[in-house]
Amino acid sequence: MDSKKLIANNKKARHDYFLEELYEAGISLHGTEVKSLRMGKCSIKEAFIRIENGEVIVYGMHISPYEKGNIFNKDPLRPKKLLLHKKEILKLQQKIAERGYTLVPVEVYLKGSLVKVQIALAKGKKLYDKRQDIAKKDQRRESEREFKVKNLY
């Protein structure tokens, strides 16, 4: 089984969206970008995904330039093509055509020697949904704290 080493995680996506379907996509990169990713220098906090001409492209994914890369380094914010099967792309395109759906990158990780991006078909949360999530989190934290205190005595 391939080991999965997490490089970047998008916590903001879980906060701002309901993640409905998850997909694993390959990503088209250049050599120095892969080396930089192996060192863990990647951010997908502001990233978003669009489907253009039957291709899935991620924008705003920041891969820091490789220190020893000199002239071979690419623009850190250049749009990167995601690799998915044509059927998956068509399915995603149909879902996005529906109102309220979008594609967001959730995490970037190494699977064996390959760089993979987990993307999610997501629906935006309203303010009251976010408040409910925060209230549940606080409630869970409070119950864990009470449980800890009870076990100490």
Side-chain angles (χ1 to χ4, degrees), residues 1-138 140-141:
M1 190 177 138
D2 288 326
S3 61
K4 184 176 164 182
K5 182 184 171 238
L6 190 67
I7 298 171
N9 194 357
N10 191 354
K11 293 177 186 171
K12 192 175 169 188
R14 296 184 196 281
H15 180 72
D16 291 341
Y17 301 97
F18 292 114
L19 305 182
E20 296 191 5
E21 292 179 38
L22 295 172
Y23 294 89
E24 182 180 76
I27 184 168
S28 179
L29 296 170
H30 292 280
T32 54
E33 290 176 320
V34 176
K35 289 180 179 185
S36 190
L37 282 171
R38 288 191 187 283
M39 293 168 59
K41 301 203 171 164
C42 176
S43 172
I44 55 173
K45 206 174 281 182
E46 300 296 320
F48 62 95
I49 298 171
R50 285 202 182 128
I51 299 177
E52 297 169 357
N53 305 327
E55 293 183 342
V56 183
I57 299 172
V58 64
Y59 293 91
M61 178 175 163
H62 188 278
I63 299 176
S64 299
Y66 183 58
E67 288 144 21
K68 299 179 182 80
N70 56 46
I71 61 165
F72 299 108
N73 280 331
K74 299 289 180 193
D75 177 27
L77 286 171
R78 77 177 181 85
K80 294 154 192 74
K81 183 177 168 184
L82 296 181
L83 310 171
L84 285 162
H85 292 283
K86 189 149 261 159
K87 285 181 181 175
E88 288 177 319
I89 294 172
L90 291 172
K91 185 180 174 187
L92 288 172
Q93 228 168 358
Q94 288 172 346
K95 284 285 194 177
I96 289 174
E98 291 177 31
R99 197 167 161 265
Y101 280 105
T102 186
L103 284 173
V104 289
V106 181
E107 46 186 44
V108 179
Y109 53 91
L110 287 168
K111 188 174 182 182
S113 63
L114 304 173
V115 178
K116 298 287 184 179
V117 179
Q118 187 177 48
I119 63 175
L121 186 67
K123 205 168 192 123
K125 282 186 183 179
K126 303 279 187 259
L127 187 61
Y128 57 83
D129 292 324
K130 292 179 190 179
R131 286 183 184 146
Q132 284 176 340
D133 282 356
I134 291 169
K136 283 180 190 172
K137 209 180 279 181
D138 288 345
R140 193 187 76 235
R141 201 177 293 130

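Note that the numbering runs from 1 along the sequence shown for the chain.
Between the R38 side chain and the S113 main chain, a donor and an acceptor come within less than 3.5 Å of each other.
Nearest heavy atom pair, residue Y17 against residue V104, reads CE1-CG1, 3.6 Å. The shortest heavy-atom contact between P105 and A13 is O-CB, 4.2 Å. The two atoms that bring V106 and A120 nearest to each other are CG2-CB, 3.5 Å, heavy atoms only. Of all heavy-atom pairs between L29 and K80, the closest is CD2-CD, 4.1 Å.
With contacts defined as side-chain heavy-atom distances shorter than 4.5 Å, the pair E33/V115 does not qualify. Between V117 and L82 there is a side-chain heavy-atom pair separated by less than 4.5 Å. Contact check for K86 versus I89: no side-chain heavy atoms found under the 4.5 Å cut-off. A heavy-atom distance below 4.5 Å is found between the side chains of M61 and I44. With contacts defined as side-chain heavy-atom distances shorter than 4.5 Å, the pair L121/Y101 qualifies. The shortest side-chain heavy-atom distance between V56 and E88 does not fall under the 4.5 Å cut-off.
Looking at E24 and K111, a side-chain N of the basic residue comes within less than 4.0 Å of a carboxylate O on the acidic one, giving a salt bridge.
Rounded to the nearest 0.5 angstrom, I7 CD1 and K116 NZ are separated by 12.0 Å. Note: E52 CD to Q93 CD = 10.5 Å, rounded to the nearest 0.5 Å. Atom CD1 of residue I51 and atom CD of residue Q94 lie 10.0 Å apart, to the nearest 0.5 angstrom. Here the straight-line distance linking atom NZ of K35 with atom CD1 of I63 works out to 14.5 Å at 0.5 Å rounding. Separating the CZ atom in R50 from the CG atom in N53 is a distance of 12.5 Å, to the nearest 0.5 Å. The line from CD1 of I49 to CD1 of I119 is 4.5 Å long, rounded to the nearest 0.5 Å.
More than 12 heavy atoms of other shown residues, nucleotides or ligands fall within 6.0 angstrom of atom NZ in K123. Environment of OH in Y23: crowded, with over 12 heavy atoms of neighbouring residues, nucleotides or ligands closer than 6.0 Å.
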Please evaluate residues I96 and L103 with respect to the criterion side-chain contact (heavy atoms from CB on, under 4.5 Å), reporting the C-alpha separation (whole Å), side-chain torsions for both, the decisive distance (0.1 Å), and the verdict. CA-CA 8 Å; I96 289 174; L103 284 173; 3.6 Å; yes
